[in-house]
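Protein chains get the first letters and strands the later ones, always in sequence-line order, with residue 1 at the start of each. Just so you know, these numbers come straight off a predicted model, no measurement behind them. For the numbers below, each heavy atom of this structure counts, side chains included, while hydrogens, waters and symmetry mates do not.
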Amino acid sequence: MEIILQKNVIKAIKSLYNEDVNPEQILVQATRKEFTGDLTVNVFPFIKQVKRSPEIAAEEIGKYLKENLDIVDSYNVIKGFLNISISSEYWLKGLYENKTETAVKKETVVLEFSSPNTNKPLHLGHVRNNLLGESLARILLADGFDVKKVNLVNDRGIHICKSMLAWQKWGNGITPETSGKKGDKLVGDFYVLFDKEYKKQQEELISQGLTKEEAENKAPLILEAREMLLKWENDDKEVISIWKMMNRWVYAGFDITYRNLDISFDKIYYESETYKLGKDTVLKGIQSNVLIKKSDGSVWADLTENKLDEKLLLRSDGTSVYMTQDIGTAEMRYNEYKPEKMIYVVGNEQIYHFNVLKIVLEKLGFDWAKNIVHFSYGMVELPEGKMKSREGTVVDADDLIDEMVATAREMSTELGKLEDFSSEEKENILRIIGLGALKYFILKVDPKKNMVFNPKESIDFNGNTGPFIQYTYARINSLKTKADDEGILEYKQYPAGITPNDKEISLIKMLRQFESVKKESAQKLSPAIIANYAYDLAKEYNQFYHDFIILKESGELRNFRLYLSEQTGRIIKEAMWLLGIEVPVRM
RNA sequence: GGUUCUGUAGCUCAGCUGGAUAGAGCAACGGCCUUCUAAGCCGUAGGCCACAGGUUCGAGUCCUGUCAGAAUCACCA
């Protein structure tokens with residue numbers, strides 16, 4: 001509709017002033033609430049060309065539009081702004097049009113997210129990553145992309161060796177079964193234990209006169225861990241078997257967390273299976289003189305011409321680093337899917353890493369490297385700052401989910417809801433609500449910004465929240481159920497004698513926006529745009545619901561309002577789906 | 001020190017490619033359940049959009065500088 005108006009403004013200018021203007025000069029936007037009208041044309045961008053004062057030009061164009069466009073009902077001019085009212089009939093028709101054109105692009109996008117390390121359980125930071133990843137996948141899918149969700153499990157490296165070593169030294173053969181602990185938690189405990197003992201050794205060495213850096217590199221524990229990594233890369237039987245066992249524990253733990261968050265993947269890569277390819281590629285890079293081998297055997301990429309430093313790709317002992325395995329993974333992934341785009345959902349702390357990755361891949365001759373997109377999101381912080389695992393301030397993912405559901409339960413009991421439900425149904429609804437609160441809380445903020453989470457205040461269930469939107473849906477659903485009970489079934493036809501009121505029109509307008517909101521969120525890779533839209537829509541509907549009677553109305557008006565409600569519910573549900581949030585039929 | 005990101009109400013966040021008098025929620029205060037779900041609706045109060053310049057008809061938005069916070073610049077991942 002904006003486009004129709006835009007074209008006609010161009011026509012108007014041509015016929016009134018005999019001037020040609022570009023479409024970009026015609027700004028059509030929604031009229032602000034304080035003014036009457038639906039759409040506003042701003043005359044300033046072309047005011048010089050038409051040689052009129054803003055008021056006169058706006059007035060003349062408005063007059064032209066009213067005479068030549070039947071959808072234009074009336075207009076008014078304030079300063080240089082031409083506010084146009086679209087006929088309510090046009091809005092009403094729009095609501096009843098069934099437009100189901102699904103844009104099919106079928107370009108493949110590989111979307112990597114989650115990417116946990118196997119040495120500790122998932123925490124709030126990972127939760128943000130997972131929720132963003134899952135939501136982006138759905139948003140891109142809805143925009144017509146063929147999305148492959150992939151997870152890259154970081155199952156090798158020095159960090160795993162630390163947990164393994166600690167378990168070997170102090171674990172006394174403990175397992176998840178004997179301890180009753182979730183596997184990822186148990187392994188995480190040993191990682192923390194390693195760090196504690198390692199710190200002790202460092203302090204000891206520092207007191208003997210070593211510098212901090214020397215102490216970090218000479219502590220017996222770290223030497224043992226490095227040795228273990230070397231053994232691992234040389235397929236040492238014992239090391240491999242501990243590694244397999246402990247990873248198995250971790251995966252069992254992760255599976256539970258993923259399931260609780262409704263996260264799934266099309267494909268899981270393991271770095272233990274991709275790093276060798278990376279190593280090979282790096283070695284080839286030396287032969288073709290793209291990379292440098294130093295006298296101690298370490299391999300580097302010289303990035304000084306890109307205004308960056310030198311970057312290590314293989315250690316002097318021949319073992320690979322993070323970058324090495326990411327090269328291999330990217331290559332493997334590209335060969336497997338030949339995607340148009342590879343998106344990595346990884347925190348903003350790794351911006352530098354991905355810059356380097358792209359440059360190195362390009363140097364190595366992979367022209368698809370330019371299609372790599374690092375979707376970098378901000379950190380989740382506590383009111384007192386960053387989460388520190390060593391200080392025990394990490395917010396554990398499983399605990400957080402449990403707390404959210406518990407809060408939902410308290411609220412529900414207090415409000416006296418859900419009393420007539422079976423316990424099974426009730427639990428499911430509480431899960432939907434608790435999880436909805438958590439997911440919405442995280443997804444509504446602009447991904448690139450850091451966000452603050454206050455565990456003491458816990459997440460709200462009122463106001464701009466997931467449950468607010470879910471509640472709106474439940475209300476609508478309840479209307480439909482009641483309509484059903486009363487035998488109101490034929491309500492979907494165009495209502496002949498109805499003139500929608502202002503609130504109804506603004507609801508219809510908002511529903512129309514959904515398509516462009518979806519597109520925008522896909523282009524900008526931002527679930528927050530969907531989240532904020534869903535909230536605005538729910539708020540608008542609640543006002544409508546409060547101010548007007550729906551089912552107790554009669555005839556066409558009742559049918560129209562019921563239909564309008566149903567459409568709102570449908571879009572709320574779809575918007576929430578795009579966020580990975582379920583909506584309950586009752587709450 | 002270099003690079004990147006952020007700075008909007010007491011708190012948590014919106015603010016579309018520059019557009020009219022900067023918006024929500026929470027917290028505070030005051031109203032609304034004999035009518036479809038009050039997890040709701042309405043109202044009051046709360047702002048030098050970090051600061052200073054610049055670009056122009058017009059700047060929270062773009063440019064430059066300053067200040068503050070964060071991340072990163074590892075033979076960690």
If I pick the [atom1] atom on [M] and the same atom on [N], what distance separates them, to the nearest angstrom?
N	M	atom1	value
B/A27	B/C11	P	16 Å
B/G15	B/G7	P	10 Å
B/A59	B/U17	C1'	15 Å
B/U61	B/G46	P	24 Å
B/G40	B/U55	C1'	48 Å
B/A50	B/C16	P	14 Å
B/A74	B/C62	P	31 Å
B/G23	B/C49	P	14 Å

Heavy atoms only, 4.0 Å cut-off, all strands: where does [X] land among base, sugar-phosphate and nothing?
X	value
A/Arg226	sugar-phosphate
A/Ile433	base
A/Asn454	nothing
A/Phe548	base
A/Gln350	base
A/Ile549	base
A/Tyr471	base
A/Met587	base

Assigned partner base of [N], Watson-Crick or wobble definition, under 3.5 Å:
N	result
B/U35	none
B/G18	none
B/U66	B/A50
B/U72	B/G2
B/A45	none
B/C11	B/G25

Side chain of [X]: nearest nucleotide among [options]?
X	options	value
A/Asp446	B/A14, B/C75, B/U37	B/A14
A/Lys482	B/C76, B/U12, B/C36	B/C36
A/Lys48	B/C76, B/C57, B/C36	B/C57
A/Asn450	B/A70, B/A77, B/A39	B/A70
A/Glu381	B/A70, B/A71, B/A77	B/A70

Could you give the [atom1]-to-[atom2] distance, from [X] to [N], as a whole number of Å?
X	N	atom1	atom2	result
A/Tyr545	B/G40	OH	C1'	9 Å
A/Leu303	B/G2	CG	C1'	15 Å
A/Asn306	B/U72	CG	P	22 Å
A/Asp195	B/A77	CG	P	15 Å
A/Met411	B/A38	CE	C1'	12 Å
A/Ile429	B/U37	CD1	C1'	13 Å
A/Tyr322	B/A77	OH	C1'	6 Å
A/Met323	B/C76	CE	C1'	12 Å

Using the side chain to side chain contact (heavy atoms under 4.5 Å, CB included) rule, take A/Phe81 and A/Val43 through it: C-alpha gap first, then chi angles, then the decisive distance, then the call. CA-CA 6 Å; A/Phe81 297 92; A/Val43 304; over 6 Å; no

Position toward the 5' end of RNA chain B (nearest nucleotide), A/Lys386 or A/His353: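 That would be A/Lys386.
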
Go nucleotide by nucleotide along RNA chain B from the 5' end; which of A/Asp309 and A/Lys552 gets its closest nucleotide reached first?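 Going by which nucleotide is closer to the 5' end, it is A/Lys552.
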
Give the B/S/- string for nucleotides 16-28 of chain B, one per nucleotide from 5' to 3', where a protein heavy atom under 4.0 Å of the base yields B, of only the sugar-phosphate yields S, and otherwise -. SS-BBS-SSSS--

When the aromatic ring centroids of [X] and [Y] are compared, is their separation below 6.0 Å?
X	Y	value
A/Phe544	A/Tyr541	yes
A/Tyr344	A/Phe375	no
A/Tyr191	A/His159	no

Indicate whether OP1 or OP2 belonging to [N] is found under 4.0 Å from a side-chain N or O atom of [X].
X	N	result
A/Arg475	B/A38	yes
A/Lys444	B/A14	no
A/Ser298	B/C75	no
A/Lys449	B/A14	yes
A/Arg315	B/A77	yes

Regarding A/His353 and A/Asp326, do their side chains bring together a donor and an acceptor under 3.5 Å, going by distance alone?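 Present: a donor and an acceptor within the cut-off.
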
State whether a side-chain donor-acceptor pair under 3.5 Å links A/Asn542 with A/Arg475.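 There is such a pair (donor and acceptor under 3.5 Å, judged by atom type) between the side chains of A/Asn542 and A/Arg475.
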
Flag the pair A/Ser163 / A/Met246 as yes when at least one side-chain heavy-atom distance between them is below 4.5 Å, and no otherwise.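 Touching, per the 4.5 Å side-chain cut-off.
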
When you measure from the centre of the six-membered ring of A/Tyr275, is the NZ or CZ of A/Arg156 closer than 6.0 Å and no more than 45° off the axis?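 Yes.
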
Think A/Lys311 forms a cation-pi with A/Trp300, using NZ or CZ under 6.0 Å from the six-ring centre and within 45 degrees of its axis? no

If the glycosidic angle sits within 90 degrees of zero it is syn, else anti. Tell me which applies to B/C33. syn

Look at the aromatic rings of A/Tyr535 and A/Phe468 and report parallel, tilted or perpendicular, splitting at 30° and 60°.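 If you compare the ring of A/Tyr535 with that of A/Phe468, the planes turn out tilted.
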
Tell me if the side-chain of A/Lys448 makes a donor-acceptor pair with the base of B/U6, cut-off 3.5 Å, by modelled atom types. no

Indicate, yes or no, whether a donor-acceptor pair under 3.5 Å links the base of B/C75 to the side chain of A/Ser316. yes

Partner of A/Glu582 under side chain to side chain donor-acceptor pair (under 3.5 Å), picked from A/Gln470, A/Lys573, A/Lys439, A/Arg431, is A/Arg431

Heavy-atom pair of closest approach, residues A/Ser114 and A/Asn151: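 Closest approach of A/Ser114 to A/Asn151, heavy atoms only: CB-OD1, 3.7 Å.
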
